[in-house]
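Here the structure is laid out as structure tokens; the discussion comes afterwards.
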Amino acid sequence: MSEQDWRAIRAEAIESLLVERGLLDPADVDRVIETYNDRVGPMNGARMVARAWCDPDFKARLLADGTAAMAEFDFGGAQTEKLVVVENTPDTHNVVVCTLCSCYPWAVLGLPPRWYKDPAYRSRIVREPRRVLAEFGLVLDDDVRVRVWDSSAEVRYLVLPRRPADADGLDEAALAQRVTRDAMIGVAQP
Amino acid sequence: MDGIHDLGGRAGFGPVEREADEPAFHERWEARVFAMIGAAAAAGAYRNADQFRHAIERIRPDAYLCDGYYGRWLAGLETLLREAGIVQADELRARIAALGGDPTRPGGARPAEAPDRVAYPPAGEGNRRSVAAAPVFAEGDRVRTASFGVSGHTRLPAYARGRRGTVTTWHGAWVFPDSNAHGRGEQPQHLYTVVFDGVDLWGAAAEPGTAVSLDLFEPYLTAWTAEVDT
């Protein structure tokens with residue numbers, strides 16, 4: 001029996017008991033999959049980032065109050081009661097983690113990737129961020145300060161990456177295609 | 001609690017392993033667990049995310065590290081359903097056996113040190129609250145974090161205990177996880193972003209030019225002055 005089997009069986013056992021008690025609609029599983037595959041994911045955050053790159057007024061609003069800026073897009077829901085957007089600059093690079101569990105801004109990035117939830121990232125990024133970022137392929141100059149945001153309460157963080165130098169002439173929709181999940185966590189540069 | 005979940009600064013985990021084009025869920029059972037966590041909340045198995053997080057913190061340390069994120073959720077789910085009396089341990093074992101699984105395999109988490117059911121409903125939507133007391137600290141204040149851990153749920157990571165930092169933002173008052181996870185009321189507290197220089201966290205081993213910020217509740221903090229430190 002593989003490692004995965006026992007978890008699948010256990011989940012099925014609990015599910016069958018909850019369905020029998022009328023506490024779970026089996027269709028909820030498909031709704032969850034549909035939500036996080038198609039509607040809530042990093043494409044949401046990417047649209048905000050792209051607009052901030054194109055519209056200085058929106059960028060100011062985004063940095064002043066991320067939650068209100070999110071509402072302009074009708075993004076909302078679980079796990080993003082207060083959104084703080086932190087801007088990468090030539091002097092400062094930001095990167096986000098949750099060392100105690102796996103807090104993450106679901107409304108704008110969807111569900112976190114496995115590595116974000118695994119012990120290696122959670123243990124190391126606060127202690128040796130430059131080394132971890134270099135392993136991700138992001139080598140920062142020594143004079144760029146690194147600030148790690150450990151999401152230890154209900155505030156959620158999104159990194160506003162620097163606009164790519166080679167993106168002149170791209171419109172907002174094309175720019176959004178350049179914004180990756182990893183850039184908004186702060187482990188990559190678009 | 002000083003549990004395995006408190007991973008910041010621990011050594012020995014090796015490189016971060018990434019996967020290209022990850023799906024939201026790798027297996028259907030993961031989405032099942034996700035959906036059931038919502039259903040369990042609706043059924044009253046738990047009242048708030050603090051209680052859920054603490055259930056996960058009570059998982060056996062070896063299982064915490066080996067079972068993966070949704071494996072941890074599964075154990076938390078099972079724990080909360082059993083503790084709420086919605087699912088009985090013996091009927092779950094029987095159901096696992098009927099599905100061809102191993103009913104003797106331990107699941108779920110250890111009991112809380114001070115078992116207590118969260119009977120009260122949330123005082124409002126979300127976790128933000130208003131309190132009469134003014135915030136003690138302001139932007140720019142130097143603070144020191146509590147030196148010792150607590151036995152229950154808390155949001156001050158071990159690596160940042162007894163450290164000095166600087167308040168950068170006041171976020172208003174929020175539900176206090178340390179009490180809310182244990183059914184002792186929401187007891188809202190002022191919340192601050194506090195930034196710590198890498199050297200103040202890791203000493204000479206710190207990478208140069210690095211800082212870590214944390215969102216910390218007022219009870220974790222005291223004013224720091226140079227006189228106190230020497």
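The structure presented is a predicted model; accordingly, all values stated were derived computationally and were not measured. Protein chains get the first letters and strands the later ones, always in sequence-line order, with residue 1 at the start of each. Heavy atoms only: backbone and side chains are in, while hydrogens, waters and symmetry mates are out.
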Kindly determine whether B:R53 and A:S102 satisfy side-chain contact (heavy atoms from CB on, under 4.5 Å), including the steps that lead there.
CA-CA 10 Å; B:R53 291 188 185 116; A:S102 300; over 6 Å; no
What do the steps show when you test B:S213 against A:D150 for side-chain contact (heavy atoms from CB on, under 4.5 Å), and what is the final call?
CA-CA 6 Å; B:S213 66; A:D150 188 353; over 6 Å; no
Please identify each residue that fulfils salt bridge (Lys or Arg N to Asp or Glu O under 4.0 Å) with A:R124, with sequence neighbours left out.
A:E128, A:E135
Qualifying residues under salt bridge (Lys or Arg N to Asp or Glu O under 4.0 Å), relative to B:R32, sequence neighbours excluded:
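With sequence neighbours excluded, B:R32 shows a salt bridge (Lys or Arg N to Asp or Glu O under 4.0 Å) to A:E15, given in chain and number order.
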Would you call the rings of B:F25 and A:Y36 parallel, tilted or perpendicular if under 30° counts as parallel and over 60° as perpendicular?
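Taking A:Y36 first and then B:F25, their aromatic rings stand perpendicular (interplane angle over 60°).
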Give me the atom names and distance for the closest heavy-atom approach of [X] to [Y].
X      : Y      : result
A:I14  : B:L77  : CG2-CD2, 4.1 Å
B:P15  : A:A120 : O-CB, 3.7 Å
B:G209 : A:R130 : O-NH2, 3.4 Å
B:L74  : A:R7   : CD2-O, 3.7 Å

Given that the side chain runs from C-beta out, which part of [X] has a heavy atom under 4.5 Å from chain A: side chain, backbone, both or neither?
X      : answer
B:A31  : both
B:T193 : side chain
B:I4   : neither
B:R128 : both

Decide, yes or no, whether a salt bridge links B:E30 with A:K117 under the criterion of side-chain N to carboxylate O below 4.0 Å.
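Answer for the salt bridge query: no.
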State whether B:R28 and A:D30 are salt-bridged, where the test is any N-O pair (Lys NZ or Arg NE/NH1/NH2 against Asp/Glu carboxylate O) under 4.0 Å.
yes
Flag the one option from [options] with the top tally of heavy-atom pairs under 4.5 Å to chain A.
options                : value
B:T210, B:L216, B:T169 : B:T210
B:I56, B:V195, B:L65   : B:V195
B:E57, B:R10, B:E207   : B:E207

Before giving the answer on side-chain hydrogen bond (donor to acceptor under 3.5 Å, both in side chains), spell out for B:R95 and A:S16 the whole-Å C-alpha distance, their side-chain angles and the decisive distance to 0.1 Å.
CA-CA 8 Å; B:R95 192 62 58 101; A:S16 68; 2.8 Å; yes
B:R155 vs A:C103, test: side-chain contact (heavy atoms from CB on, under 4.5 Å). Steps then yes/no.
CA-CA 12 Å; B:R155 299 297 290 182; A:C103 297; 3.6 Å; yes
Are any non-hydrogen side-chain atoms of A:I9 and B:I96 less than 4.5 angstrom apart?
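SC-SC contact between A:I9 and B:I96 confirmed.
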ring-ring contact (aromatic ring centres under 6.0 Å, His included), that's the test. Do A:W149 and B:F196 meet it? Break it down for me.
CA-CA 10 Å; A:W149 300 81; B:F196 301 85; over 10 Å; no
Please report the C-alpha distance between A:R10 and B:L99 in whole Å, then the side-chain angles of each, then the deciding distance to 0.1 Å, and finally whether the side-chain contact (heavy atoms from CB on, under 4.5 Å) criterion is met.
CA-CA 9 Å; A:R10 216 165 182 105; B:L99 290 168; over 6 Å; no
